[in-house]
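All ligand and atom numbering here is 1-based and tracks the order in the structure.
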Amino acid sequence: MVTPNTPSSYELPSNFLWGFATASFQIEGSTDAGGRGKSIWDDFSKIPGKTLDGRDGDVATDSYNRWQEDLDLLVSYGVKSYRFSLAWSRIIPLGGRDDPISEEGIKFYSDFIDALLAKGITPFVTLYHWDLPQTLHDRYLGWLNKTEIVQDYVRYARVCFERFGDRVKHWLTMNEPWCISILGYGRGVFAPGRSSDRLRSPEGDSSTEPWIAGHSVILSHAYAVRAYREEFKQKQGGEIGVTLNGDWAMPYDDSPANIEAAQHALDVAIGWFADPIYLGSYPAYMKEMLGDRLPSFTEEEWSVVKGSSDFYGMNTYTTNLCKAGGEDEFQGNVEYTFTRPDGTQLGTQAHCAWLQDYPEGFRDLLNYLYKRYRKPIYVTENGFAVKDEDKKPVEEALHDDDRVQYYRGVTDSLIKAVNEDGVDVRAYFAWSLLDNFEWADGYVTRFGVTYVDYKTQKRYAKDSGNFIAKDHVQQEEKDAPPTPVKNAKEVPPAHGSKRASAVHGKTKENSKRSWKAPLARITAYVSTFLGL
Ligand code: GBH
């Protein structure tokens, strides 16, 4: 085994939260139990051709029935925190603001939250991880109807704050607005599967609908946050924010066009949502690319949207090399590749085509997001699917070397970003606690740190689960967190300045841990002045 190359003096704050993440539809199964209403994934996943293996979410990892076993697993890994999502249609089966609440649904989550807390595990709760109540799609096309969905979502959020907010102190409004909008209403690969491609969907317009859906998602998030802050926060004392997906974008080479392309990729993947929410405006490139297809906010809406997230919830998996060109608006009219100009691959290939292991990109992304948005960062998802893991016998699959290597790389990058670059990172959730229903991939692609034998539903810890538990979770962590940077004014571009310059310069005197790695800090500081 390779030994970690992070200096042993590096530490994370004592209140740093290590944990694992999951989502309701990917693990629960029992889609008819406890009065649950259908979600848009129930029927979608049953349409032939929508999932790789033709399998659906009716059973998944059976976690609706096996939640105690899952909890024991979390305890065995020793994690301090668990990120999971609530199924809207278990809580309000028909979804709408005038529809009845299911006490059975409430009780399921309430008991689970109590059990987590009894074991000293902090719940991070996602309100929406893609399982829209089917009724809301049937009634008014879900995210395409801003007026209706905002009201229905805010009422759902209020019910959750009322019923669980006495115990839940970390709320995530939405998981990955880009995926909700682009994959659901543009590419049409995720429910509700709308697209201009008539081979894929009888209805939909990929040139307009994703941008409309994204607009509704931002507003629903923002009005729910306002409700929380005005009606619950004072009494309950929690925090609330959004979780965005976004992979690091690296220019393919040094050409100005490709450097610009990498920024365009970030503007569409991340800035589309993060700029309005944290900075109060759209990236100029979004407007340039879309013109009046980009829905605008009213003054009053901007006042609700701007500043509507207490932290930056970061889901990230890989790095893309970016080349100017192509006609894929969903990538900002940028081409992605993993093949470098010299023909080599960026990193180890995962089971899914879109994922290679490149830990340096993880560190660069942390720096970029912290510099640009100036919020404490929670890494709410990060993970790897080993190639052909599904074809291996269980004993072999448990030795998931590529995943261990991946986690070694990113956690190393994370610790350096905190200690050398001064980035304020407060939590890290590996995706995922379990192999589970991987959306359009069905059960073929496995992201778990725990192997699930779908025939018996037995769980087996993989080497990666044990790696995270032993190398990180169970380590003693003593220090206090670094103080976040305040009063950030300018928004630097991704590739104009080198890593750490702005971040490091501002936080060095605040960081309680700067003395721990004096040499590294001095080196970084000097590099900044030399413009390296
Ligand atoms: C996460 O999304 C999800 O939150 C989680 O539910 C899921 O299980 C996990 O990833 C693993 O996939 O080639 O245009 O289809 C990850 C973000 C963004 C990664 C879209 C895949 C493919 C883009 N995803 N990306 S496309």
Side-chain angles (χ1 to χ4, degrees), residues 20-28 39 41 45 50-52 57 60-61 63 83-85 87 124 126-131 172-191 193 195 197 200 206 210 214 217 242-249 265-266 268-270 272-273 313-320 322 326-338 350-357 361-362 365 378-386 389 403 406 429-449 452:
F20 298 117
T22 61
S24 46
F25 194 77
Q26 295 182 270
I27 65 163
E28 287 177 0
S39 84
W41 271 94
S45 61
K50 297 301 181 193
T51 62
L52 274 183
T61 62
S63 291
R83 173 180 177 234
F84 62 101
S85 82
F124 262 69
T126 312
L127 292 171
Y128 185 75
H129 199 126
W130 307 352
D131 42 359
L172 299 162
T173 52
M174 301 282 175
N175 183 68
E176 304 188 344
W178 185 96
C179 290
I180 299 170
S181 315
I182 300 296
L183 304 180
Y185 300 83
R187 297 211 200 288
V189 293
F190 283 7
S195 163
D197 179 354
R200 208 173 256 295
S206 303
V217 171
V242 70
T243 272
L244 305 178
N245 58 295
D247 295 325
W248 182 235
L266 292 169
V268 178
I270 295 173
W272 171 14
F273 302 98
M314 163 176 160
N315 285 2
T316 195
Y317 286 82
T318 194
T319 292
N320 293 299
C322 296
E327 281 168 7
D328 188 348
E329 286 186 336
F330 307 149
Q331 291 175 190
N333 292 327
V334 171
E335 282 173 23
Y336 290 173
T337 177
F338 290 129
H351 193 75
C352 18
W354 55 269
L355 174 50
Q356 286 197 355
D357 179 8
F362 181 84
L365 181 63
Y378 296 116
V379 180
T380 41
E381 272 181 40
N382 181 243
F384 190 82
V386 174
E389 196 169 83
R403 190 180 284 103
Y406 179 92
F429 296 90
W431 182 272
S432 175
L433 172 66
L434 302 165
D435 290 335
N436 57 42
F437 176 72
E438 179 50 26
W439 309 112
D441 282 16
Y443 298 87
V444 177
T445 305
R446 293 173 176 264
F447 270 92
V449 298
V452 175

- Query: When you look for protein heavy atoms under 4.0 Å from ligand 1, which residues do they belong to?
  - Reply: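 Close residues (ligand 1, cut-off 4.0 Å): Gln26, His129, Trp130, Asn175, Glu176, Trp178, Cys179, Leu183, Arg187, Asn245, Tyr317, Trp354, Glu381, Trp431, Glu438, Trp439, Phe447.
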- Which residues pass the side-chain contact (heavy atoms from CB on, under 4.5 Å) test with Ala191, sequence neighbours left out?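 Ala191 satisfies side-chain contact (heavy atoms from CB on, under 4.5 Å) with Ile40, Trp41, Phe44 once adjacent residues are dropped.
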- Using side-chain contact (heavy atoms from CB on, under 4.5 Å) as the criterion, list what pairs up with Ser432, not counting sequence neighbours. Thr22, Asn436
- Can you tell if the side chain of Asn320 reaches within under 4.5 Å of the side chain of Gln331, non-hydrogen atoms only? no
- Between Trp431 and Tyr317, does the ring centre distance come in under 6.0 Å?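 For Trp431 and Tyr317, the ring centres are not under 6.0 Å apart.
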- Message: Just verifying a value: how many Å separate Phe437 CZ and Tyr443 OH, rounded to the nearest 0.5 Å?
- Response: 5.5 Å
- Applying ring pair (Phe, Tyr, Trp, His ring centres under 6.0 Å), name anything that partners Phe84, two or more places apart in sequence or on another chain. Tyr82, Phe112
